[in-house]
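Order of the sequence lines sets the chain letters (A, B, ...), proteins ahead of strands, with each chain counted from 1. Quick note: numbers below take in every heavy atom, side chains included, and nothing from hydrogens, waters or symmetry partners.
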There are 2 protein chains.
Amino acid sequence: MGRWRPDARARLQEAALTLYGERGYEKTTVAEIAERAGLTKRTFFRYFADKREVLFWGSELLEQRMVAAIEAAPASTSALGLIGAALDAAAVRFEEVREFAGLRHRIIAASPELRERELIKAMSLTGAVTRALRARGLDDTAAALAAHTGATVMHVAFEQWVDDPSRTPFQQIARDSLAQLREIASTG
Amino acid sequence: MGRWRPDARARLQEAALTLYGERGYEKTTVAEIAERAGLTKRTFFRYFADKREVLFWGSELLEQRMVAAIEAAPASTSALGLIGAALDAAAVRFEEVREFAGLRHRIIAASPELRERELIKAMSLTGAVTRALRARGLDDTAAALAAHTGATVMHVAFEQWVDDPSRTPFQQIARDSLAQLREIASTG
DNA sequence: ATGAGTGATGTCACCTGGTGTCATCACACT
DNA sequence: AGTGTGATGACACCAGGTGACATCACTCAT
């Protein structure tokens with residue numbers, strides 16, 4: 001073993017998730033998280049900008065994958081087709097973290113402070129998707145509308161997926177939701 | 001004059017707006033705001049739940065007025081017509097506070113922490129509008145879609161209105177934006 | 001092998017947001 | 001005159017967050 005136990009960041013994340021789950025976010029102190037990870041409060045703040053961010057580390061990865069999926073789609077793909085590709089990429093990521101997704105989601109839902117943070121992350125993601133769609137030739141309005149639509153579908157599908165006991169894949173739920181929305185849009 | 005100078009809340013709001021504008025949100029302490037208002041930090045927190053909330057007090061009023069407008073619309077009004085009525089109500093409110101709107105908007109835009117708070121307020125508003133639309137007989141999906149659409153239009157129109165030197169009324173900008181969206185939706 | 005970095009961590013002091021608790025005191029009401 | 005009452009002040013305290021500096025195992029050039 002090296003000088004320090006490795007994976008300090010992962011240990012902090014795990015400790016935080018456990019403690020937030022056991023006592024709730026507000027009743028957990030950063031010092032407690034750090035102690036459980038065998039570190040100090042100061043080190044916690046070297047890895048995470050604040051007490052909330054420990055639950056959101058890795059969200060850039062989701063963003064990158066969705067943007068990459070949009071960039072990689074065939075040239076003829078329609079706007080909603082691009083959204084579909086991005087949602088498929090999100091599905092892959094979600095399945096990777098399914099183990100923690102339910103607990104994490106419940107923790108966030110229970111705290112206004114964490115919900116605020118989640119919202120701004122979602123906005124950031126929508127902005128990135130909008131830019132990726134513009135880069136694919138969509139005009140500003142169409143890109144923004146499509147990105148927001150994708151965000152709505154992702155949100156709805158996630159809620160359905162996250163605590164689904166039958167473990168239906170996210171991809172399937174998202175595709176169904178998107179198809180449903182297509183129908184509403186075309187018949188309304 | 002009574003025992004205390006009246007309008008403690010308004011004094012705190014004004015002091016906060018001024019100081020946030022002069023030094024920025026993060027470099028202003030609550031103690032400074034309170035002092036400028038002739039009060040103490042403890043009293044600040046009796047009027048406002050936290051340092052951010054002082055900029056958002058009154059947002060329930062906007063919500064109430066928009067919901068009331070939806071409730072009061074003629075029975076035959078379409079979904080987008082209800083959104084239009086809600087936007088008209090918002091316009092009235094915005095013109096009432098136009099004097100402070102620009103500064104307030106710039107302060108919020110400059111601080112991630114304040115943008116988080118603004119987002120959650122917007123979500124709360126969208127939720128209230130969704131419920132009001134459901135109460136008017138729209139099904140869940142249609143209500144949510146219409147409310148989100150309204151939120152998008154309001155956001156876009158607000159950005160255009162808030163620092164417009166020619167002082168175009170919000171109502172006009174919002175109506176134009178909504179009409180534009182109707183066109184996009186019907187031709188797309 | 002050795003001595004000078006290097007980088008992750010610890011230590012400590014500090015500021016500020018936020019809260020609980022009790023004191024104060026002008027006013028109102030009896 | 002006496003008794004609330006309600007807005008405010010005073011004070012102590014906790015926890016999130018930061019800056020500055022110390023530590024110390026490891027690396028690498030000489």
Visitor: Starting at CZ of B:R23 and ending at P of C:dT16, how long is that distance when rounded to a whole Å?
Guide: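 Those two atoms, CZ and P, are 11 Å apart.
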Visitor: Do B:R104's NZ or CZ and the ring of B:F56 fall within the cation-pi criteria of under 6.0 Å and 45°?
Guide: yes
Visitor: Taking NZ, NE, NH1 and NH2 as the nitrogens, is one of them in B:K27 or B:E22 under 4.0 Å from a carboxylate oxygen of the other?
Guide: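 Between B:E22 and B:K27 there is no salt bridge, as every charged N stays at least 4.0 Å from the carboxylate O atoms.
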Visitor: Whole angstrom is fine here: how far is it from NZ in B:K27 over to P in C:dT16?
Guide: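 Atom NZ in B:K27 sits about 12 Å away from atom P in C:dT16.
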Visitor: Would a distance-only check, ignoring hydrogens and angles, find a side-chain to backbone donor-acceptor pair under 3.5 Å from A:S111 to A:I107?
Guide: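 Checking the backbone N and O of A:I107 against the side chain of A:S111, no donor-acceptor pair under 3.5 Å is found.
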Visitor: With the side chain of B:F45 defined as its heavy atoms from C-beta on, choose the nearest nucleotide among D:dT8, D:dG16, C:dG17.
Guide: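 Closest of the options to the side chain of B:F45: C:dG17.
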Visitor: Using whole Å, report how far NZ of B:K41 lies from P of C:dC15.
Guide: 13 Å
Visitor: Counting only side-chain nitrogens and oxygens, does A:T40 get under 4.0 Å of the OP1 or OP2 atom of C:dG10?
Guide: yes
Visitor: Just the rounded figure in Å: distance from P of D:dT8 to CZ of B:R9.
Guide: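 Going from CZ in B:R9 over to P in D:dT8 covers 10 Å.
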Visitor: For the side chain of B:R42 and the base of C:dG20, is some donor closer than 3.5 Å to an acceptor across the two?
Guide: yes
Visitor: In whole angstrom, give the distance that lies between atom NZ of B:K51 and atom P of D:dG17.
Guide: 13 Å
Visitor: Less than 4.0 Å between a side-chain N and a carboxylate O, is that true for B:R52 and B:E116?
Guide: no
Visitor: Using atom CD of B:E35 as one end and atom C1' of D:dA10 as the other, report the distance to the nearest whole Å.
Guide: 16 Å
Visitor: Check this for me: does the side-chain of A:R46 come within 3.5 Å of the base of D:dG17 through a donor and an acceptor?
Guide: no
Visitor: Let me know the distance between CG of A:D50 and P of C:dT16, rounded to the nearest Å.
Guide: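 That distance rounds to 19 Å.
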Visitor: In whole angstrom, give the distance that lies between atom CZ of B:R5 and atom C1' of D:dG9.
Guide: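 Those two atoms, CZ and C1', are 16 Å apart.
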Visitor: I'd like to check B:F158 versus B:H105 (side-chain heavy atoms, cut-off strictly below 4.5 Å). Are they in contact?
Guide: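 Yes. Closest side-chain heavy atoms under 4.5 Å.
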Visitor: At under 4.0 Å, does any side-chain N or O of B:R52 touch on OP1 or OP2 of C:dG18?
Guide: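 For C:dG18, OP1/OP2 do have a side-chain N/O of B:R52 under 4.0 Å.
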Visitor: Phosphate oxygens OP1/OP2 of C:dA8: is one of them under 4.0 Å from a side-chain N or O of A:Y47?
Guide: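 Result: no.
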Visitor: Would you say D:dC14 has OP1 or OP2 under 4.0 Å from some side-chain N or O of A:T29?
Guide: no
